[in-house]
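Only one structure is covered here, and it is reproduced in the block below.
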There are 4 protein chains.
Amino acid sequence: MSGSLNQVQLIGHLGQDPETRRTQGGDPVVSFRIATSESWKDKATGDRKEQTEWHSVVIFNEALCRVAEQYLKKGSKVFVQGKLQTRKWQNQAGVDRYSTEVVLARFGGDLKLLDKAERAAPDPDNYGQTRIREPSYADARSGAARPAPAARPDLDDDIPF
Amino acid sequence: MSGSLNQVQLIGHLGQDPETRRTQGGDPVVSFRIATSESWKDKATGDRKEQTEWHSVVIFNEALCRVAEQYLKKGSKVFVQGKLQTRKWQNQAGVDRYSTEVVLARFGGDLKLLDKAERAAPDPDNYGQTRIREPSYADARSGAARPAPAARPDLDDDIPF
Amino acid sequence: MSGSLNQVQLIGHLGQDPETRRTQGGDPVVSFRIATSESWKDKATGDRKEQTEWHSVVIFNEALCRVAEQYLKKGSKVFVQGKLQTRKWQNQAGVDRYSTEVVLARFGGDLKLLDKAERAAPDPDNYGQTRIREPSYADARSGAARPAPAARPDLDDDIPF
Amino acid sequence: MSGSLNQVQLIGHLGQDPETRRTQGGDPVVSFRIATSESWKDKATGDRKEQTEWHSVVIFNEALCRVAEQYLKKGSKVFVQGKLQTRKWQNQAGVDRYSTEVVLARFGGDLKLLDKAERAAPDPDNYGQTRIREPSYADARSGAARPAPAARPDLDDDIPF
DNA sequence: TTTT
DNA sequence: TTTT
């Protein structure tokens with residue numbers, strides 16, 4: 001269906017360092033969780049309130065995997081653009097579970113570092129829009145692009161991330 | 001945290017007519033599921049492939065609830081903008097479950113009908129940007145804006161929608 | 001600068017059929033204008049008002065050019081995603097002029113037909129995500145990707161489109 | 001037309017401190033310009049290239065005006081969401097000119113500070129989502145919400161900002 | 001110049 | 001005119 005759009009945009013901070021796994025084909029898959037939060041003043045009590053939302057981000061785009069691995073760490077502030085995808089998996093008891101993730105695939109995915117570049121200066125040869133000039137990353141959708149279920153750390157319980 | 005963004009944009013079709021429930025305070029809560037899909041040609045086999053993704057949409061914004069109730073039905077094509085929110089609930093066995101939804105709250109939420117207006121012409125007095133000129137909808141976040149758990153149809157099983 | 005974002009999203013109708021020109025390198029450049037509109041009820045008079053905004057869209061992405069040429073025409077409803085770009089040009093008197101356009105370049109650009117497929121069914125072999133599997137379009141930024149000034153129809157006057 | 005979307009999202013840096021003017025009705029109108037930039041490696045020469053784009057941002061939303069006045073200054077990094085609007089004006093010679101701006105009106109507009117809060121901590125009583133709980137800003141579209149032409153600094157020449 |  |  002051509003007239004379809006599935007797009008998520010987040011600005012938030014990483015809760016932990018990114019994790020890299022590999023597909024069976026050897027392609028990197030980087031994942032992390034980021035927090036977004038809203039704050040407002042309660043009309044009734046006048047109290048200041050804040051609500052934090054956690055999002056699971058999974059990167060299949062090879063160039064963005066590299067960026068994430070090199071420059072992101074716990075606490076990094078990022079802009080992330082991807083698509084919503086709900087994945088079905090089984091817990092230890094074999095019961096179906098569902099997890100919704102923000103997926104950065106080859107097309108449409110984007111990732112921007114919003115921190116001041118305190119720590120590492122991007123390597124100008126490998127970073128940024130280079131990916132855009134020389135697209136050579138693996139196809140995230142064909143083959144075994146998704147990690148094998150056994151590789152997931154979440155199989156031990158019912159927590160969906 | 002002011003520098004935070006949580007935004008989802010979807011264009012897709014409703015899988016069923018919208019459902020309306022009420023909060024304890026009497027405010028409407030409209031929900032439906034929409035499908036987005038991607039198609040591509042498999043590089044290896046040359047086959048045309050399509051993958052459909054289903055999203056749960058929940059509307060707390062009163063004006064958008066009215067629009068949804070009046071103009072949306074199974075098959076309607078819509079643009080939806082909201083925020084990602086993961087809700088925790090318990091299944092019948094009392095085990096925690098998580099469901100991620102696209103929430104259209106009072107601010108930031110948007111809903112556009114993309115169909116040709118075959119069936120019902122929008123009432124110019126009640127529809128569209130009127131909401132924008134006279135904001136009087138309930139506060140989606142204070143009080144019992146979220147439906148009581150018992151009211152949810154998903155408590156009987158582990159399916160997250 | 002990595003931490004930068006420049007993105008526009010429009011849903012509207014084409015005012016005219018798309019126009020195709022060619023760069024000196026022979027790459028297609030498709031352009032059209034689309035209208036978006038807002039309506040609201042005047043708080044004071046109660047009158048219904050509408051305001052239409054016109055946007056210039058320019059497509060350098062070769063695959064999206066093809067889609068535009070084949071499926072878009074005057075009146076078509078589209079979703080367009082691109083970046084904002086202000087182009088400087090000279091009018092006949094040699095005075096500088098500026099025009100702001102929504103540019104669909106190779107990356108980040110998107111175009112979706114939102115009409116019911118009344119007229120032409122997309123050719124499943126050439127349309128849609130095929131572009132995504134076999135990226136081979138020309139680089140919109142290097143070389144003479146922008147049309148030569150003499151080819152522009154707007155040089156005769158000061159109207160920026 | 002309900003099924004219409006006009007939305008711009010930018011992340012960039014302010015080129016100058018924001019300027020505040022007033023409508024005839026006394027409502028604030030804050031404007032500034034922000035730069036976004038892209039960088040890439042030239043495929044032919046291997047050179048690193050960068051292209052900067054400047055955008056005019058105009059805020060009519062009263063709450064966002066306050067945020068801009070209090071926290072933004074030259075060099076600030078911001079996320080801005082608004083709509084594209086092309087304004088017609090006359091230069092000194094009485095010739096029509098057009099300027100395209102990113103307008104943050106009452107609805108749909110958003111503004112987020114992305115800098116580390118080095119200088120001023122947001123006042124928790126006046127900042128952030130308070131605007132969202134107590135909407136009382138002026139209607140940006142009715143009356144003389146746009147600044148009178150004479151007040152614009154750009155009338156002396158043909159530069160559209 | 002589109003559309004509802 | 002910003003920033004990396």
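As the structure is a computational prediction, the values presented were derived from the model and not from experiment. Convention: sequence-line order gives letters A, B, ...; per-chain numbering from 1.
- Once the 5.5 Å centre distance and the 30° plane angle are applied, the aromatic ring of C:W54 is found stacked with the base of E:dT1.
- One can place CD of D:E53 at 20 Å from P of F:dT4, the figure rounded to the nearest angstrom.
- In this structure a side-chain-to-backbone donor-acceptor pair under 3.5 Å is missing from B:D17 to B:K73.
- Atom OH in C:Y98 sits about 13 Å away from atom P in F:dT1, given to the nearest Å.
- Under the side-chain contact (heavy atoms from CB on, under 4.5 Å) criterion, C:Q16 pairs with C:K74, not counting sequence neighbours.
- For the pair A:K77 NZ and F:dT4 C1', the computed distance is 17 Å after rounding to whole Å.
- The CG-P distance, from C:L114 to E:dT4, rounds to 13 Å in whole Å.
- We find that NZ of D:K74 is positioned 8 Å from C1' of F:dT2, with the value rounded to whole Å.
- Below the 3.5 angstrom threshold, one finds a donor paired with an acceptor across the side chain of D:T52 and the base of F:dT2.
- In this structure D:Q9 satisfies the side-chain hydrogen bond (donor to acceptor under 3.5 Å, both in side chains) test together with A:Q9, C:Q7, D:Q81, sequence neighbours excluded.
- The separation between D:K73 atom NZ and F:dT3 atom P is 10 Å, rounded to whole Å.
- With F:dT1, E:dT3, F:dT3 as the choices, the nucleotide that has an atom nearest any side-chain atom of D:E50 turns out to be F:dT3.
- Computed from coordinates, the C:H55 NE2 to E:dT2 P distance equals 15 Å when rounded to whole Å.
- The closest side-chain donor-acceptor pair between C:W54 and D:T86, if any, does not fall under 3.5 angstrom.
- Distance, C:H13 NE2 to E:dT1 C1': 13 Å, rounded to whole Å.
- In this structure, D:I34 reaches neither bases nor backbone, as no heavy-atom distance under 4.0 Å exists between it and the strands shown.
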